[in-house]
Trainee: 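I am attaching a structure below and will ask some questions about it afterwards.
Proteins come first, then strands; the chains are lettered A, B, ... in the order of their sequence lines, and each starts at number 1.
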Number of protein chains: 2
Amino acid sequence: MKRKITLKQIAKELDVSISTVSKALRNSIEISEDTRQKVQAFAKLYNYRPNNIALSLKNRKTKTIGIIIPEIVHYFFSTVITGIELVANKRGYNVIVGLSNESFDKEVINMQMLANGSIDGFILSIAKETLQQQDYHHFTETINQGMPIVMFDRVVNEIPCDKVIVDDIKGAKKAVEKLVSGGCKNIAIITTKDYVSVGKLRTQGYLEALEDYKMEAKASLILKIEDKLLSNHHLDELESEIEQLFKSNKSIDGIFAVNELYAVTAIKVARKLGLEIPKSLQVVSFTDGVLSKHSTPSLTTVSQHGQEIGEKAADLLINRLEIEEEDEEAEEIYETVVIETNLIERESTK
Amino acid sequence: MKRKITLKQIAKELDVSISTVSKALRNSIEISEDTRQKVQAFAKLYNYRPNNIALSLKNRKTKTIGIIIPEIVHYFFSTVITGIELVANKRGYNVIVGLSNESFDKEVINMQMLANGSIDGFILSIAKETLQQQDYHHFTETINQGMPIVMFDRVVNEIPCDKVIVDDIKGAKKAVEKLVSGGCKNIAIITTKDYVSVGKLRTQGYLEALEDYKMEAKASLILKIEDKLLSNHHLDELESEIEQLFKSNKSIDGIFAVNELYAVTAIKVARKLGLEIPKSLQVVSFTDGVLSKHSTPSLTTVSQHGQEIGEKAADLLINRLEIEEEDEEAEEIYETVVIETNLIERESTK
DNA sequence: TTTCAACACGAAAACGTTTGCGTACCCCAA
DNA sequence: TTGGGGTACGCAAACGTTTTCGTGTTGAAA
C-alpha cells in the first residue's frame with residue numbers, strides 16, 4: 001500500500017529541489033528540457049497528482065460547491081442536483097451535499113460545517129421550518145463573510161443573492177387555463193399552507209386565472225393541506241381530507257394539485273367516488289416527475305425543468321466566483337432568473 | 001464584507017503569538033486564565049471557526065466521504081444517500097457526491113477528482129458500463145493508495161473492500177413465492193440483461209423459486225430488457241416488448257418485475273389487453289419506491305431499505321477510517337453485509 | 001582577463017492550523 | 001546573591017503546493 005506520492009518525495013528521489021519538480025511538471029521554461037523530461041516521466045510512473053487540499057489552502061478556494069436542500073428523495077430536488085453536478089463538473093467543480101430535512105437547525109449546522117473553508121459558495125433551497133420562522137440570519141452572515149449564495153425554488157426576496165425560480169404564478173395559471181379550456185366549470189385547488197412560498201404562489205396563480213376567466217373563487221374549493229401530510233405515514237389523512245373536499249362539492253370537475261402526490265391521491269379518491277378521469281374530472285398537477293409520467297392515467301402537469309434550474313444556478317454561482325477572482329470589488333448586482341414552466345398534456349385532461 | 005477571521009489576525013489584534021491563540025482556544029493549561037478569557041471572548045465576538053482546509057492538510061484527513069452513484073434521480077439511490085448523509089453527519093463527516101451517469105469514463109474521472117486528497121474514502125455503486133466492460137482498475141488503484149471503498153448494491157466480488165448488498169436472490173424468491181401462494185400458475189419475469197448484476201441475481205432467484213415449487217421455467221416467460229429502454233424516451237419500445245410477451249403467452253397470470261417501471265408499465269399494458277389486476281394478473285415489483293406506493297393499483301413490492309443500506313455503508317467506511325487511524329496496519333478483513341429485504345403487500349396481488 | 005547576460009536551479013514565503021519544545025520571567029528558598 | 005522550579009508564552013516545524021526572487025555556473029563579447 002503505497003501512499004499518494006508528493007512533490008517532496010519526487011524531489012528527494014530525483015535529487016532536485018521541490019520547486020524544480022513543481023516547475024518541471026508545469027512545463028516552466030525555467031527548467032531544462034532534460035530535467036523536465038526526467039521529472040515528468042517519474043511523475044507519470046508514480047501517477048502523481050497534486051494534492052487538492054494543499055491547492056485549496058494555497059489558492060484560498062476549493063473548487064467545490066455546497067448544496068443545501070430539504071430532502072433528496074424527491075424528484076424535483078434530485079433533478080436540480082443533476083443539473084448542478086453537470087455544469088459544476090464541466091467547469092471543474094465538485095459538489096458537496098447537505099440535507100436540512102426541512103429543519104431550521106440542520107440547515108444552520110450544515111451551513112456552518114461547510115462555510116469554514118470547505119466550499120466556495122452555496123446553492124440552496126430553504127427549509128420549510130426556516131420559511132416558517134423567517135429567521136434568515138445564517139444566510140446574511142455567510143453572505144457577509146464573502147461567500148456567495150444562489151437560492152432556487154424556495155427563495156426569499158430580502159436576501160441579497162442570485163436566485164433561480166420558476167414562475168409559479170404563471171405555471172399555475174397555465175394549469176388552470178388548461179382545465180378551463182377543457183370545459184371545467186368548478187375547479188378546485190389542492191395546495192399547501194401559505195408559509196410554503198411555492199404553495200402560496202401557485203394558489204395565487206390559481207386565483208388570478210379564475211379571475212381572468214371571470215370565474216368565482218370559492219373558499220370551499222381551496223384545500224390547504226398541512227405539511228406533515230406529505231409524509232407517507234399520513235396518507236390516510238390526506239385521502240380523507242380530499243374525500244371531504246369532493247363530498248362537500250359535488251360539482252367539482254377540475255382539480256389543480258400543487259404537487260404530484262396530491263394529484264394522484266385526488267385521482268385515487270375520485271375514482272373511489274365513481275368519477276371518471278378525464279371524462280367527469282380533469283386533473284393537472286405541478287412537477288413533472290415519475291408519478292406524472294408513469295401512473296395511470298398519466299398526469300397532465302406543469303413541468304418545472306429542475307435540471308435546467310440546477311444548471312442555471314450553478315452557472316450563476318460559478319460566474320460570480322470567477323468574476324470575484326479578477327475583480328475583487330465585484331458588482332453587487334444580483335440576478336433573479338426565471339425558468340419558464342410548460343404544460344405537458346397527458347391523459348388526465350381532455 | 002469581512003473575510004473569515006484567522007488565528008493570525010486574532011494574534012495580531014491581541015498582540016500575542018499564533019500559538020497562544022490556538023492554545024487558548026483549545027483551553028490549554030499552558031495559557032493563563034486571563035489570556036484564555038481574552039482570546040476566547042475576542043474569538044467569539046468575531047465568530048472565529050478553524051479553517052477546515054488547513055485542518056485537513058495538517059491532519060491528513062478531510063472528514064469527507066465521496067459518493068459515486070450512477071444517477072441521483074432515482075428513488076433507491078437517493079434513499080441510500082439519505083442514509084449515508086444521516087450517519088456521516090452524526091459522526092462529523094461531510095458528503096461529496098459524484099454522478100457517473102452509468103458511464104465508465106465519468107466514473108473514473110469522478111474518482112480521480114476526489115481521490116487527490118478531497119476525501120477520506122468512497123461509497124459507491126458501480127456504473128452499468130463499468131460492469132459491462134469489467135474494467136475495475138480504478139477501484140483497485142484507489143484501494144492500493146490506501147483509500148478505503150465501500151460498495152453497495154451493484155458490487156463485484158473480486159474487489160477487496162467492504163460491501164453492503166441486498167439479498168437479491170432471496171428477495172426475488174419472496175416475490176415469486178407470493179405470486180405462487182396467490183395461485184399463479186404461469187409467472188413471467190421482466191428483467192434486465194445479465195450484465196446488470198442485480199438483474200441477473202433477481203432472475204436467478206426467480207428461477208430458483210420456480211424450481212422450489214416444481215414449476216417449469218420457460219424461456220418464453222423471461223423477458224430481458226435492453227438497458228436503454230429504462231430511459232423515458234424509449235417507453236414505447238418497452239411497452240411493445242411487454243405487449244409482445246403477453247400476446248405470445250396468453251396464460252400469464254403473474255408478473256415479477258425487477259423494478260417499478262417495468263411493473264407499472266406491465267400493468268398498463270395488461271389493462272389495455274383487458275386483464276384485471278389482481279384478479280386475472282398479479283404483479284410484484286422490486287424497489288419500494290414512489291410508484292409502488294402511489295400508483296393505482298399500488299404495487300406489492302420487495303423493499304430494499306435503501307436508507308438502511310446507506311447507513312450501514314457509512315458506518316462501515318467510517319469505522320474503517322477510524323480504526324486505521326489508531327492502528328496503522330489495520331486488519332484487512334473485509335465484510336459483506338446483507339440487508340434483508342421484505343415483501344410489502346399492496347393491491348397488485350391477492 | 002574582465003564583464004555580463006542567459007540559463008538552470010534552489011531557498012523561502014505563503015495559505016491556516018496544531019503542537020513539541022525552548023525560554024524569559026518571577027518568586028521563593030537557601 | 002544564587003539556584004531552582006513554576007508559569008506563561010513564543011518559535012518553528014509540519015501538512016503539500018506555487019511562485020517570487022536570488023544565485024551559481026557557463027559562455028561569449030569586449
Side-chain angles (χ1 to χ4, degrees), chain A residues 2-40 42-43 46-64 115-120 145-147 325, chain B residues 2-40 42-43 46-64 115-120 145-147 325:
Chain A
K2 37 175 191 190
R3 273 231 162 295
K4 291 233 66 165
I5 197 168
T6 70
L7 287 187
K8 190 194 275 198
Q9 293 170 46
I10 301 184
K12 193 172 175 188
E13 215 64 42
L14 261 43
D15 207 37
V16 292
S17 78
I18 296 181
S19 2
T20 304
V21 178
S22 175
K23 288 171 185 165
L25 289 177
R26 325 193 95 239
N27 267 318
S28 159
I29 47 158
E30 274 188 72
I31 305 300
S32 71
E33 188 60 29
D34 264 14
T35 323
R36 253 187 285 171
Q37 300 255 330
K38 198 174 54 175
V39 171
Q40 293 185 8
F42 192 91
Y46 282 87
N47 197 21
Y48 169 80
R49 313 266 169 197
N51 180 306
N52 258 330
I53 296 292
L55 285 179
S56 295
L57 183 59
K58 177 127 196 38
N59 300 331
R60 296 147 124 247
K61 62 184 175 208
T62 60
K63 292 262 179 185
T64 302
N116 302 314
S118 302
I119 61 163
D120 295 339
Q145 289 181 349
M147 178 162 300
E325 198 170 335
Chain B
K2 37 175 188 187
R3 274 231 164 298
K4 292 232 66 165
I5 197 168
T6 69
L7 287 186
K8 191 194 274 197
Q9 294 170 45
I10 301 184
K12 193 172 174 188
E13 216 64 43
L14 262 43
D15 206 39
V16 291
S17 79
I18 297 181
S19 6
T20 304
V21 177
S22 175
K23 287 170 185 166
L25 289 176
R26 325 195 94 240
N27 267 318
S28 159
I29 47 156
E30 274 188 71
I31 307 300
S32 72
E33 187 59 29
D34 263 15
T35 322
R36 254 186 284 171
Q37 300 255 331
K38 198 174 54 177
V39 171
Q40 293 186 6
F42 192 91
Y46 282 88
N47 197 21
Y48 169 81
R49 312 265 169 197
N51 180 307
N52 258 332
I53 297 293
L55 284 179
S56 295
L57 185 58
K58 179 130 196 38
N59 301 331
R60 293 144 127 250
K61 62 185 176 209
T62 61
K63 290 263 178 185
T64 302
N116 301 316
S118 302
I119 61 164
D120 294 339
Q145 288 181 351
M147 178 162 300
E325 198 168 334

Trainee: Measure CD1/Ile53(A) against C1'/dA14(C) and give the value in whole Å, please.
Mentor: 17 Å

Trainee: Search all heavy atoms of Ser118(B) against all heavy atoms of Thr64(B) and return the closest pair with its distance.
Mentor: O-CB, 3.8 Å

Trainee: Quick check: do Asn27(A) and Gln40(A) have side-chain heavy atoms less than 4.5 Å from each other?
Mentor: yes

Trainee: Can you give me the closest heavy-atom contact between Ala43(A) and Leu25(A), atom names plus distance?
Mentor: CB-CD2, 3.6 Å

Trainee: From CD1 of Ile10(A) over to C1' of dG16(D), roughly how many Å is that when rounded to an integer?
Mentor: 12 Å

Trainee: Mind calculating the distance between CD1 (Ile31(B)) and C1' (dT18(C)) to the nearest angstrom?
Mentor: 13 Å

Trainee: Evaluate the criterion side chain to side chain contact (heavy atoms under 4.5 Å, CB included) for residue pair Thr6(B) and Lys4(B); output intermediate values, then yes/no.
Mentor: CA-CA 7 Å; Thr6(B) 69; Lys4(B) 292 232 66 165; over 6 Å; no

Trainee: Does Lys63(A) reach the side chain of Asn52(A), with side-chain heavy atoms less than 4.5 Å apart?
Mentor: no

Trainee: Using side-chain contact (heavy atoms from CB on, under 4.5 Å) as the criterion, point out the one residue from Thr20(B), Val21(B), Val16(B) that pairs with Ile31(B).
Mentor: Thr20(B)

Trainee: Over how many whole Å does the gap from Lys61(B) atom NZ to dT17(C) atom C1' extend?
Mentor: 14 Å

Trainee: Give the minimum heavy-atom separation between Gly117(B) and Ile53(A), together with the two atoms involved.
Mentor: O-CG1, 3.1 Å

Trainee: Just the rounded figure in Å: distance from C1' of dA8(D) to CG of Asn27(B).
Mentor: 15 Å

Trainee: Let me know the distance between CZ of Arg60(B) and P of dA14(D), rounded to the nearest Å.
Mentor: 12 Å

Trainee: Rounded to whole Å, how long is the line connecting atom NZ of Lys12(A) with atom C1' of dG16(D)?
Mentor: 15 Å

Trainee: Could you check whether atom CG of Asp15(A) has more than 12 heavy atoms from other residues, nucleotides or ligands sitting under 6.0 Å from it?
Mentor: no

Trainee: Can you name the nearest heavy-atom pair linking Tyr48(B) to Ile5(B), along with the distance?
Mentor: CD1-O, 3.4 Å

Trainee: Give the rounded distance in Å between these two atoms: CG of Asn116(A) and P of dC15(C).
Mentor: 18 Å

Trainee: Between the protein and nucleotides 4-7 of chain D, list the N/O to N/O atom pairs that are separated by less than 3.5 angstrom.
Mentor:
none

Trainee: Produce the list of close N/O pairs, under 3.5 Å, pairing protein atoms with atoms of nucleotides 17-19 of chain D; give distances to one decimal.
Mentor:
unit_1: dT17(D); atom_1: OP1; unit_2: Tyr48(A); atom_2: OH; d: 3.0
unit_1: dT17(D); atom_1: OP1; unit_2: Asn51(A); atom_2: N; d: 3.3
unit_1: dT17(D); atom_1: OP2; unit_2: Leu7(A); atom_2: N; d: 2.8
unit_1: dT17(D); atom_1: O5'; unit_2: Tyr48(A); atom_2: OH; d: 2.9
unit_1: dT18(D); atom_1: OP1; unit_2: Arg26(A); atom_2: NE; d: 3.4
unit_1: dT18(D); atom_1: OP2; unit_2: Ser22(A); atom_2: OG; d: 2.9
unit_1: dT19(D); atom_1: OP2; unit_2: Arg26(A); atom_2: NH1; d: 3.4

Trainee: Hey, which of these two, Thr35(B) or Leu57(B), hits DNA chain D nearer its 5' end, going by closest nucleotide?
Mentor: Thr35(B)

